Amino acid sequence: MKQYIVDAFTDQVFGGNPAAICVLKEWPKEELMINITLENNLSETAFTVKNGNHYDLRWFTPGGEINLCGHATLATAFVLMNYEEVGPSEVHFQTLSGELIVKKDNDLYTMDFPAYHLKPVPVTQAMTDAIGFTPLEAWIDRDLVCVLESEEQVLAAKPNLKEVEKLNGLILHITAKGNRYASVSRSFAPKMAVEEDPVCGSGHCHLVPLWTEKLGKDKVVCYQASSRGGVLYCSKEGHRIHMAGHAVLYSISELFVDNL
């Protein structure tokens with residue numbers, strides 16, 4: 001089994017969000033995919049199988065399978081278009097979130113994702129206890145989004161992950177209007193056995209609708225302020241999010257595993 005590791009939403013190795021990509025001829029058993037994911041110990045390992053004129057794609061965190069992942073989708077498209085089928089400028093995926101299309105324009109990869117529909121929820125003491133700052137607002141769909149007062153609070157936050165795990169939503173995103181970018185954010189996913197996700201693409205399917213509405217813009221450039229950092233070039237078109245970023249190859253390896 002060939003496996004690639006790609007840093008997504010960055011143009012430099014050791015930046016952005018690393019994802020492992022396993023390119024397969026047929027699906028292995030789920031237990032094997034889970035074990036490979038645990039062995040990699042990255043926030044995401046993606047598995048893809050060609051199916052006619054598209055690819056089937058699944059994403060796994062160390063805590064289990066997830067229904068949408070941006071950075072691993074970008075990384076998979078980067079691998080397929082540059083190393084597996086050199087030449088194509090577009091790839092179609094079938095996923096748990098329906099069809100996802102990634103287009104290549106020079107060294108930028110644009111993904112077409114569904115937007116989440118955020119609903120406002122009351123700010124609670126539990127949120128303050130988990131984050132260390134009291135949010136100005138809170139919103140929820142798959143994930144919980146807490147809007148903080150400033151970029152400085154987002155950068156300084158040291159969330160209590162045990163308290164984060166008690167909050168509603170799969171992942172916690174803390175965000176604020178950026179000083180240089182439209183928004184800055186950080187993402188925490190202890191429920192998926194991921195302390196802090198370096199750059200969360202699916203999280204921006206929550207954040208982009210929020211910030212385009214707040215700022216009155218169709219297009220925003222967002223920054224994920226983890227220790228690795230990552231830049232996302234985003235726009236909202238109806239109920240879809242167009243999310244673009246760079247990617248860079250870190251490694252290619254061969255996995256010596258048997259299908260259980």
Side-chain angles (χ1 to χ4, degrees), residues 3-23 37 40-48 57 59-62 66 68-84 91 93 100 102-113 143 151 154-155 157 171-176 178-189 192-208 211 219-235 241-253:
Q3 178 175 275
Y4 301 80
I5 295 181
V6 173
D7 292 336
F9 296 116
T10 182
D11 58 3
Q12 297 182 352
V13 176
F14 307 127
N17 199 353
I21 311 301
C22 293
V23 181
T37 301
N40 287 331
N41 198 31
L42 297 173
S43 63
E44 215 79 37
T45 296
F47 299 87
T48 189
L57 178 62
W59 311 278
F60 287 79
T61 75
I66 196 169
L68 184 63
C69 178
H71 84 279
T73 302
L74 189 159
T76 304
F78 170 83
V79 164
L80 296 176
M81 285 192 266
N82 290 283
Y83 297 95
E84 291 290 321
V91 62
F93 295 110
L100 303 178
V102 183
K103 297 181 179 181
K104 178 182 179 183
D105 182 10
N106 293 320
D107 61 348
L108 201 63
Y109 297 82
T110 301
M111 300 176 287
D112 181 352
F113 276 5
D143 301 343
E151 176 176 324
V154 173
L155 297 175
I171 301 173
L172 168 68
H173 308 287
I174 59 174
T175 186
N179 298 330
R180 177 182 174 188
Y181 297 94
S183 73
V184 294
S185 63
R186 293 170 65 194
S187 302
F188 303 91
M192 304 305 294
V194 176
E195 291 187 0
E196 181 170 1
D197 194 13
V199 188
C200 188
S202 64
H204 281 79
C205 292
H206 297 73
L207 296 171
V208 172
W211 286 110
K219 297 181 179 181
V220 289
V221 181
C222 304
Y223 183 68
Q224 186 101 37
S226 67
S227 60
R228 295 175 65 100
V231 179
L232 305 93
Y233 304 88
C234 305
S235 63
I241 299 295
H242 288 176
M243 186 184 311
H246 298 93
V248 60
L249 181 69
Y250 173 67
S251 71
I252 304 175
S253 61

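As the structure is a prediction and not an experimental result, all values here were calculated from the model.
Distance check, rounded to the nearest 0.5 Å: NZ of K103 to OH of Y109 gives 15.0 Å. Note that the OH atom of Y181 and the OH atom of Y233 stand 6.5 Å from one another [nearest 0.5 Å]. Here L57 contributes atom CG and F47 contributes atom CZ; the two are 10.5 Å apart, rounded to the nearest 0.5 Å. A distance of 8.0 Å separates CG of L172 from OG of S187, quoted to the nearest 0.5 Å. Interatomic distance, H246 NE2 to Q12 CD, rounded to the nearest 0.5 Å: 11.0 Å. Between the CG atom of N179 and the OH atom of Y223 there is a distance of 12.5 Å, given to the nearest 0.5 Å.
For S183 (side chain) and G178 (main-chain N/O), no donor-acceptor pair under 3.5 Å exists by modelled atom type.
In this structure, L68 and C205 have side chains that are in contact, with non-hydrogen atoms separated by less than 4.5 Å. Taking 4.5 Å as the limit, every side-chain heavy atom of I241 sits out of range of all side-chain heavy atoms of H204. Contact of the L80 side chain with the F93 side chain is registered, since non-hydrogen atoms from C-beta on lie closer than 4.5 Å. Looking only at side-chain heavy atoms (C-beta outward), V248 and T10 come within less than 4.5 Å of each other. Within the 4.5 Å cutoff, no side-chain heavy atoms of H206 are placed close to those of I171. Taking 4.5 Å as the limit, every side-chain heavy atom of P198 sits out of range of all side-chain heavy atoms of H71. Using a 4.5 Å heavy-atom threshold, the side chains of F78 and L249 count as touching. Contact annotation: the side chain of M81 approaches that of V102 to within less than 4.5 Å [non-hydrogen atoms, C-beta and beyond].
Here the shortest heavy-atom pairing between G230 and V199 reads CA-CG2, 3.7 Å. Heavy-atom minimum distance, L74 versus A247: CD2-CB, 3.3 Å. Contact between V220 and A182 at its shortest, heavy atoms only, is CB-CB, 3.6 Å. Heavy atoms only, all atoms of each residue included: A157 and I174 are closest at CB-CD1, 3.6 Å. Nearest approach of A193 to P62, heavy atoms of both residues: CB-CB, 4.0 Å.
Only one option out of T48, T73, T45 pairs with W59 in a side chain to side chain contact (heavy atoms under 4.5 Å, CB included); it is T73.
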Q: Quick one: do K104 and N82 satisfy side-chain contact (heavy atoms from CB on, under 4.5 Å)? Show the steps, please.
A: CA-CA 10 Å; K104 178 182 179 183; N82 290 283; 3.1 Å; yes
Q: Run the numbers on T110 and M243 for side-chain contact (heavy atoms from CB on, under 4.5 Å), then give the verdict.
A: CA-CA 5 Å; T110 301; M243 186 184 311; over 6 Å; no
**Q.** From CA spacing to verdict: side-chain contact (heavy atoms from CB on, under 4.5 Å), L100, M111
**A.** CA-CA 7 Å; L100 303 178; M111 300 176 287; over 6 Å; no
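Shown here are the side chain to side chain donor-acceptor pair (under 3.5 Å) partners of T37, two or more places apart in sequence or in another chain: there are none. Scored by the side chain to side chain contact (heavy atoms under 4.5 Å, CB included) test, S251 finds I5 as partners (sequence neighbours excluded). With sequence neighbours excluded, the residues that form a side chain to side chain contact (heavy atoms under 4.5 Å, CB included) with L155 are E151, A225. For Y4, the ring-ring contact (aromatic ring centres under 6.0 Å, His included) criterion is met by Y83, not counting sequence neighbours. T76 meets the side chain to side chain donor-acceptor pair (under 3.5 Å) test with no other residue; sequence neighbours excluded. Residues passing the side chain to side chain contact (heavy atoms under 4.5 Å, CB included) test with A75 are V6, A19, I21, sequence neighbours excluded. Remark: D107 engages no residue in a side chain to side chain donor-acceptor pair (under 3.5 Å) (not counting sequence neighbours). Listed by chain and residue number, H173 satisfy the side chain to side chain donor-acceptor pair (under 3.5 Å) test with D143 (two or more places apart in sequence, or in another chain). When the side chain to side chain contact (heavy atoms under 4.5 Å, CB included) test is applied to E196, the partners found at least two apart in sequence or on another chain are R186, F188, S226.
Side chains of N17 and Q224: a donor-acceptor N/O pair is absent below 3.5 angstrom, by distance only.
Listed by first and then second residue, the salt bridge (Lys or Arg N to Asp or Glu O under 4.0 Å) pairs that reach into residues 6-23 are D7-R228, sequence neighbours excluded. For residues 243-252, no residue pair satisfies the salt bridge (Lys or Arg N to Asp or Glu O under 4.0 Å) rule, not counting sequence neighbours.
Around OH of Y250, the count of heavy atoms belonging to other residues, nucleotides or ligands within 6.0 Å does not exceed 12.
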